[in-house]
Amino acid sequence: MREVLQDIRTEVRGAWRFRWPAMALAWLVCLVGWGAVLMMPDKYAAEAQFFVDPTSRIKEVLGKLVVDDDEATQLAFVREAMLSRPTLLQVARDTDLHLRARTPQESDELVDGLRRTVKIQSESLGGRRRNAGSLYSITFQDVDRQMSRRVVDSLLESFRKEFTTGQRGGTEEARRFLELKVAEYSSELRERDQEMVEFKRRYMGLLPGEGAGYFENMQAALGELQALESQLKLAVSRRGALREQLRGGIPDPGDDSGISEITTPRTELEERIVELEETLDALLLSFTERHPDVIATRTRMDQLYERRQRELEAMREAGGADVPVSDNPVVQELQIALNEADVEVRDLEAQVAAQRLRIADLQAKVDIVPQVEAELADLTRGYNQVKRTHEELLERLNQETLFGEKDEFEGSNFRIVQPPAASLEPVAPNRPRMFIAITFGGMLLAAGLAYLFHLMRPVFVDPRSLGQVTGLPVLGAVSMAWMSQQRNRRLLEVSSLAVAGVMLVVALVMVLVFQDAGVEAAARIKRMALL
């Protein structure tokens with residue numbers, strides 16, 4: 001590290017010999033650079049903000065079927081739409097900016113300069129949903145403040161017209177696309193309807209019931225058959241018990257002991273007669289025989305008695321040899337109950353037979369019914385999918401129609417958030433920063449020039465460098481004996497160099513302080529030169 005520092009010190013001492021040329025170069029670079037900066041014209045920036053949704057209408061109506069464009073793609077779309085060459089040429093004509101170009105080549109350079117100068121950026125909208133539109137800012141700088149604002153205004157107007165026209169065209173295109181798709185799916189839906197009808201006609205009687213398949217129906221049929229057989233057994237047992245009671249003997253109605261020995265099941269008709277008799281007894285405790293409720297109850301009882309008598313007569317006409325027919329009320333009740341039991345047994349036997357036929361029919365179709373069910377399920381699934389897609393497209397078509405009507409009143413998805421406005425103070429060039437940069441650059445160039453001269457005209461500034469170059473040991477060195485006159489001259493030289501450096505810094509400060517006056521002076525000089 002020590003040797004490196006010694007080498008640096010040696011090089012600096014060598015370059016110090018050319019300090020005055022270096023100082024002259026620093027002053028020259030600073031003066032020329034400062035003058036060039038002062039001659040640079042002020043530039044004013046105009047800025048505007050606008051909201052736009054560049055998403056294609058077809059992509060909107062198709063929803064998730066199309067991959068959404070990201071923000072970078074949307075920004076590229078907006079930039080290309082606003083900074084196309086025809087648009088920039090039209091803007092140059094509308095703002096009289098084309099008057100600055102005198103030749104076709106200058107016109108092309110003017111358009112290229114506009115394309116490079118106009119800045120379009122996308123600004124973040126916190127919490128906005130994807131593809132809901134973006135907020136953009138457009139900025140343009142020019143030496144003429146009013147011109148910068150007019151350029152931004154003309155760009156926005158041109159883009160608004162183009163975007164609105166394109167969006168209306170996109171809306172019509174999307175609507176035609178939806179109408180075509182709706183017609184296609186309507187035709188396919190009709191075809192599938194006809195296919196479903198033909199299938200049901202072909203396999204009529206083999207199709208599954210509502211919400212149940214073949215195996216579910218078979219299981220239910222077996223369960224129902226088992227329940228019917230159980231009911232049939234109970235009905236047959238009850239009928240046998242009634243027949244045994246009738247064959248066991250006919251009791252005397254006046255003999256209470258004989259009646260009590262027979263267990264007589266009451267029919268529904270007998271139950272109703274008993275209920276009416278109890279009701280009549282209760283009414284007679286409170287009312288006379290002529291009371292309307294008493295009369296109505298007796299009338300109803302007479303009707304039930306007549307009905308029971310008709311049933312007994314029918315039993316006498318159709319009664320068997322093994323069943324006695326008697327006028328005994330108890331026997332008559334047993335005969336009525338036996339008749340009802342016979343009817344119930346015959347009905348249950350018919351139901352059991354029908355259920356067994358149904359099960360046999362299902363068992364005979366064990367190979368074909370599941371296949372028919374699978375085909376029906378496939379047809380139904382395809383039909384439902386086509387129907388669902390058709391309904392979604394039809395709904396989107398209605399929405400698109402409403403969207404087009406809404407645009408006629410509310411405008412398109414383009415809104416100017418902040419109208420074009422130009423800054424009152426110039427935004428460029430940044431002269432203080434440029435002055436400081438030129439000053440430091442001049443100093444670096446001066447140091448570089450001095451070191452270059454040192455490399456071109458090298459000398460040995462100390463015994464160490466001499467020994468490194470020759471490879472010989474240096475025994476000693478004779479120091480310079482400075483006279484007072486020489487020391488004074490050297491001190492004056494160093495002081496002059498220091499004053500020159502300080503004056504350079506002072507000049508920088510003065511330029512920074514009085515830059516406005518310098519700019520005005522430079523502008524007057526420039527106008528005089530042009531005249």
Side-chain angles (χ1 to χ4, degrees), residues 1-43 141 143 425-466 468-469 479-480 482-530:
M1 184 63 182
R2 183 177 179 183
E3 292 180 357
V4 173
L5 294 177
Q6 289 179 353
D7 291 339
I8 294 175
R9 179 183 178 188
T10 300
E11 298 298 332
V12 170
R13 290 181 62 185
W16 180 253
R17 295 178 300 135
F18 306 100
R19 52 190 175 276
W20 283 110
M23 181 60 69
L25 178 62
W27 270 94
L28 179 63
V29 170
C30 289
L31 292 176
V32 173
W34 295 343
V37 171
L38 292 174
M39 295 292 292
M40 294 175 64
D42 290 333
K43 289 186 177 181
Q141 296 181 1
V143 296
E425 299 294 333
V427 296
N430 190 344
R431 291 190 176 89
R433 182 179 299 177
M434 298 177 69
F435 289 150
I436 295 174
I438 289 172
T439 302
F440 280 101
M443 292 180 179
L444 290 176
L445 286 176
L449 179 65
Y451 185 69
L452 179 63
F453 283 170
H454 166 63
L455 295 178
M456 295 173 60
R457 299 174 60 184
V459 296
F460 299 108
V461 298
D462 55 16
R464 179 175 172 276
S465 61
L466 177 61
Q468 289 178 346
V469 174
S479 59
M480 177 68 72
W482 298 96
M483 298 179 65
S484 59
Q485 183 179 2
Q486 292 174 335
R487 284 197 299 270
N488 294 335
R489 187 170 56 190
R490 184 177 178 84
L491 180 60
L492 179 61
E493 181 181 3
V494 173
S495 301
S496 301
L497 184 66
V499 171
V502 172
M503 291 300 296
L504 183 61
V505 175
V506 173
L508 172 62
V509 174
M510 297 295 292
V511 169
L512 290 174
V513 173
F514 299 102
Q515 60 175 328
D516 294 338
V519 170
E520 294 179 0
R524 286 195 296 269
I525 294 173
K526 188 176 181 180
R527 287 196 296 268
M528 292 175 60
L530 292 176

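Excluded from the calculations below are hydrogen atoms, water molecules and symmetry mates; all remaining heavy atoms, backbone and side chain alike, are included.
Residue Leu25 holds its CG atom at 5.5 Å from CG of Leu449, rounded to the nearest 0.5 Å. Between Ile525 atom CD1 and Leu38 atom CG the span is 9.5 Å, to the nearest 0.5 Å. Considering OG1 of Thr10 and CG of Leu5, their distance stands at 10.5 Å, rounded to 0.5 Å. Expressed to the nearest 0.5 Å, how far CG of Leu445 lies from CG of Leu452 amounts to 11.5 Å. In this structure, Phe18 CZ and Met23 CE are separated by 16.0 Å, a value rounded to the nearest 0.5 Å. The distance from atom CG of Asn488 to atom CD of Gln485, rounded to the nearest 0.5 Å, is 8.0 Å.
Of all non-hydrogen atoms in Trp34 and Leu508, the two that sit nearest each other are CH2-N, 3.5 Å. In plain terms, the two heavy atoms of Gln141 and Ala428 that are nearest each other are OE1-CB, 4.0 Å. Nearest heavy-atom pair across Val29 and Gly442 is CG1-CA, 3.7 Å. The heavy-atom pair separating Ala446 from Ala22 by the smallest distance is CB-O, 2.9 Å.
A donor-acceptor contact shorter than 3.5 Å links the side chain of Trp27 to the backbone of Ala500.
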Show the numbers, then the answer: is there a side-chain contact (heavy atoms from CB on, under 4.5 Å) between Phe453 and Arg17?
CA-CA 9 Å; Phe453 283 170; Arg17 295 178 300 135; over 6 Å; no

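In this structure, Asp516 does not pair ionically with Arg431, as no charged nitrogen and carboxylate oxygen lie closer than 4.0 Å.
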